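Step one of this worksheet: look at the structure below.
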2 protein chains.
Amino acid sequence: MTTRAKTPASTSLATLANDLRLACMRISRRVRFESTDIVAPHQFSVLARLEETPRTPRELADIERVSPPSMSRTVAALVERGLVLRADDPTDGRQVILSLTPEGVRTLKDIRRRRDEWMASRIKGLSIEEREVLARASEILLRVAGE
Amino acid sequence: MTTRAKTPASTSLATLANDLRLACMRISRRVRFESTDIVAPHQFSVLARLEETPRTPRELADIERVSPPSMSRTVAALVERGLVLRADDPTDGRQVILSLTPEGVRTLKDIRRRRDEWMASRIKGLSIEEREVLARASEILLRVAGE
DNA sequence: TATTGTTATACTCTATAACTATA
DNA sequence: TATAGTTATAGAGTATAACAATA
């Protein structure tokens with residue numbers, strides 16, 4: 001492989017890709033493992049999608065890349081728990097509109113708070129310079145992840 | 001959510017924790033979604049553990065925080081696929097020693113290559129400065145994740 | 001008696017196929 | 001006939017409880 005950069009070896013594309021991927025995956029893994037969420041991962045994803053805007057089960061299934069029956073079941077569990085509200089679509093009798101209940105909003109906030117607390121506890125001991133690096137990296141990564 | 005951090009020193013701990021966590025989780029999510037792994041996540045974890053050193057099912061269950069019966073099942077599937085080798089422990093008849101087969105080693109490498117390719121394609125278009133930020137961030141994050 | 005590992009059984013999440021209701 | 005959603009059924013992964021083999 002060609003390392004054409006005058007910069008350190010750590011900026012080789014392949015090395016950086018591997019290091020960065022591992023770093024992100026390990027952080028994510030520990031966040032999930034140690035913040036003991038109140039809802040399952042697939043339920044959390046649905047709540048987060050409904051926080052953006054009300055959606056139909058079909059839309060959620062497409063976004064989350066699961067089958068309609070799976071989403072039907074996931075939604076049913078969230079409705080059962082009082083986190084999601086079902087409403088008939090006034091213009092199309094086949095569809096249902098799903099949205100978050102106040103309890104759903106609270107649950108989402110609570111989960112994020114716990115996750116953030118874990119992350120905050122990890123970076124609390126870092127230097128100002130290190131935090132600045134991470135702040136800049138966050139911006140870049142969020143942009144890259146959104147592309 | 002809460003972006004805005006043009007004044008580095010005033011970047012709050014909570015804001016950084018949230019941005020950084022979201023960034024890592026979104027990157028991880030996309031890596032998993034789009035590199036279409038050959039084995040399931042829990043199987044990959046076990047292969048990676050066995051790459052470090054041969055282990056018993058009990059050790060794997062403790063490390064991966066699943067029950068012994070679950071690990072028993074996971075291991076059986078990997079043995080069935082020819083990725084893991086079972087061997088009797090010569091000093092303790094109750095135990096079995098699990099290790100990777102050559103095919104298991106190849107599979108692990110292949111999965112990592114695919115994941116890295118996705119990540120590399122994402123950072124290919126970044127500037128030298130941005131890559132340097134990510135390289136420094138990787139070091140910090142890997143250290144933090146390992147604590 | 002304690003430990004390792006498996007089998008028995010049940011619950012959850014996933015999928016495909018078939019069904020109902022509406023457009 | 002096509003679409004939205006659910007129900008029927010089956011296949012994995014996980015768990016707890018009970019069992020077998022060994023220490």
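Within every chain, numbering begins at 1; the chains are lettered A, B, ... in the order of the sequence lines, protein sequences first and strands thereafter. Note that the structure is predicted; figures quoted are calculated from it, not measured.
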Discussion item. Tell me the interatomic distance from B:Arg55, atom CZ, to C:dT4, atom C1', rounded to whole angstroms.
Written reply: 17 Å
Fill in: Check ion pair B:Asp110-B:Arg113 (N to O, under 4.0 angstrom)
yes
Item to complete: Could you list the residues that satisfy side chain to side chain contact (heavy atoms under 4.5 Å, CB included) with B:Asp92, not counting sequence neighbours?
Response: B:Asp89, B:Arg94, B:Gln95
Item to complete: Can you sort out the partners of A:Arg115 under salt bridge (charged side-chain N to carboxylate O under 4.0 Å, His left out), two or more places apart, ordered by chain and number?
Response: A:Asp37
Worksheet, complete the sentence: With sequence neighbours left out, the residues meeting side chain to side chain contact (heavy atoms under 4.5 Å, CB included) with A:Pro54 are A:Ile97, A:Ser99
Worksheet item: Just the endpoints, please: which first and last nucleotides of DNA chain D, 5' to 3', lie under 4.0 Å from a heavy atom of chain B?
Response: D:dG13 to D:dA23
Discussion item. What is the separation between atom CD on A:Glu64 and atom C1' on C:dT14, rounded to the nearest whole Å?
Written reply: 14 Å
Worksheet item: In the hydrophobic clustering (ILVMFWY, side-chain contacts below 4.5 Å, transitive), which residues join A:Val96, or is it alone?
Response: none
Worksheet entry | Any residue meeting salt bridge (charged side-chain N to carboxylate O under 4.0 Å, His left out) with A:Arg49, in chain and number order, not counting sequence neighbours | A:Glu52, A:Glu64
Worksheet item: Residues in side chain to side chain contact (heavy atoms under 4.5 Å, CB included) with A:Arg30, at least two apart?
Response: A:Glu34, A:Trp118, A:Arg122
Discussion item. Restricting to side-chain hydrogen bond (donor to acceptor under 3.5 Å, both in side chains), what partner residues turn up for B:Arg58, sequence neighbours left out?
Written reply: none
Practice prompt. Return the 5'-most residue of the pair A:Ser72, B:Met71 with respect to DNA chain D, ranking by each residue's nearest nucleotide.
Written response: A:Ser72
Listing, residues 70-86 of chain B side-chain donor-acceptor contacts under 3.5 Å, not counting sequence neighbours, or none:
residue: B:Ser70; atom: OG; partner: B:Ser67; partner atom: OG; Å: 3.0
residue: B:Thr74; atom: OG1; partner: B:Ser70; partner atom: O; Å: 3.1

Distances under 3.5 Å between protein N/O atoms and the N/O atoms of nucleotides 8-13 of chain C, please, pair by pair.
residue: C:dC13; atom: OP1; partner: A:His42; partner atom: NE2; Å: 3.4

Response to the item:
Sequence neighbours excluded, the answer for side chain to side chain contact (heavy atoms under 4.5 Å, CB included) partners of A:Glu59 is A:Arg55, A:Thr56
Item to complete: Please work out which residues in residues 83-98 of chain A have a non-hydrogen atom less than 4.0 Å from an atom of DNA chain D and list them by number.
Response: A:Arg86, A:Arg94, A:Gln95, A:Val96
